[in-house]
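As the structure is a prediction and not an experimental result, all values here were calculated from the model.
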Amino acid sequence: MNVKANLSPEDVARACADAMWAEDDASKGLGMEIVEIGPGFATLAMNVRPDMVNGQRIAHGGFIFTLADSAFAFACNSHNERVVAAQGQITFIKPGRLDDRLVAKAREVSRGGRSGIYDVRVTAGDTVIAEFRGHSRVIPGTWLPTQEP
């Protein structure tokens, strides 16, 4: 029996996120949290800690990219397919600052065959600090069982 047939798309997305989160030491280690998840979208948040600021005393771009990349990952893995990044690009618009709560909202732009495109907006409060675009690629496997034992 197909597990997806027994669950709503929202339930599938949540179950996939739970399975993925259990193994995601990087996102957890940076203090990220899943704020919202659904089919083709995800919102993750992270607070900028002292060990995340650079010599300019602003949020290091690598941490902003990582937050956006994690939101992208949860959005594109929300359909019970195993999906990885093929490419990611970010444009930094404004700096993040120490103690900012950064929020990354990822949404599916297109998905077909083995490829997808996702946009992620990273904000600090009402200020957009970065825009990210990720291209995804489906790999073998699923997050949830597709057959009952």
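With 3.5 Å as the limit, one finds a donor-acceptor pair spanning the side chains of R137 and S115. A donor-acceptor contact closer than 3.5 angstrom is absent between the side chains of D69 and T66.
To the nearest 0.5 Å, the span separating OG on S78 from CZ on R14 amounts to 11.0 Å. Note: S110 OG to D119 CG = 10.0 Å, rounded to the nearest 0.5 Å. Distance CZ/R49 to CG/D51: 4.0 Å, rounded to 0.5 Å. Between the CD1 atom in I37 and the CE atom in M20 there is a gap of 8.0 Å [rounded to 0.5 Å]. Interatomic distance, Q87 CD to S136 OG, rounded to the nearest 0.5 Å: 11.0 Å. Of the inter-residue distances, the one linking T127 atom OG1 with K94 atom NZ reads 7.0 Å to the nearest 0.5 angstrom.
Hydrophobic clustering (ILVMFWY, side-chain heavy atoms < 4.5 Å, transitive): F72 and I117 are in distinct clusters. M52 and F92 fall within a single hydrophobic cluster, where Ile, Leu, Val, Met, Phe, Trp and Tyr are joined by side-chain heavy atoms under 4.5 Å apart, directly or via other members. The cluster map of Ile, Leu, Val, Met, Phe, Trp and Tyr, joined by side-chain heavy atoms under 4.5 Å apart, puts F63 and F65 in the same cluster.
Between E33 and R101 a salt bridge is recorded (basic side-chain N to carboxylate O distance below 4.0 Å).
Residues R121 and T123 form a side-chain contact, since some pair of their non-hydrogen atoms from C-beta on lies under 4.5 Å apart. Put simply, the side chain of H79 does not reach to within 4.5 Å of the side chain of V12, judged on heavy atoms. Within the 4.5 Å cutoff, the side chain of K105 has no heavy atoms near those of the F41 side chain. Within the 4.5 Å cutoff, the side chain of I129 has heavy atoms near those of the L102 side chain. Counting heavy atoms from C-beta outward, R82 and V138 have side chains that stay 4.5 Å or more apart. At a threshold of 4.5 Å between non-hydrogen side-chain atoms, the residues R107 and V109 count as touching. The shortest distance between side-chain heavy atoms of I64 and I90 falls below 4.5 Å. Using a 4.5 Å heavy-atom threshold, the side chains of V53 and V48 count as touching.
Each of E108, R111, R133, H135 was scored for a side-chain hydrogen bond (donor to acceptor under 3.5 Å, both in side chains) with Y118, with one residue passing: E108.
A donor-acceptor pair under 3.5 Å is absent between the side-chain atoms of T43 and the main chain of V35, judged by distance alone. Under the 3.5 Å distance criterion, the side-chain polar atoms of S27 are left unmatched by any main-chain donor or acceptor of M32. Of the possible donor and acceptor atoms, one in the side chain of N77 sits under 3.5 Å from a partner among the backbone N and O of A73. Remark: the backbone N or O of L144 is paired with a side-chain donor or acceptor of N80 at under 3.5 angstrom.
The two atoms that bring A106 and A75 nearest to each other are CB-CB, 3.8 Å, heavy atoms only. The nearest pair of heavy atoms linking A13 to G38 is CB-C, 3.4 Å. Nearest heavy atom pair, residue A68 against residue V120, reads O-CG2, 3.8 Å. Of all non-hydrogen atoms in N54 and A59, the two that sit nearest each other are ND2-O, 4.2 Å. For A19 against W143, the heavy-atom pair with the smallest separation is CB-CE3, 3.9 Å.
The aromatic rings of W21 and F74 sit tilted relative to each other, their planes meeting at an angle between 30° and 60°.
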For R97 and I58, run side chain to side chain contact (heavy atoms under 4.5 Å, CB included): C-alpha distance rounded to whole Å, both residues' side-chain angles, the deciding distance at 0.1 Å, then the answer.
CA-CA 5 Å; R97 308 233 177 250; I58 58 176; 3.1 Å; yes
Check against side chain to side chain contact (heavy atoms under 4.5 Å, CB included), R114 and V83:
CA-CA 9 Å; R114 294 182 54 213; V83 183; over 6 Å; no
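Remark: K28 NZ is packed, more than 12 non-hydrogen atoms of other residues, nucleotides or ligands lying under 6.0 Å away.
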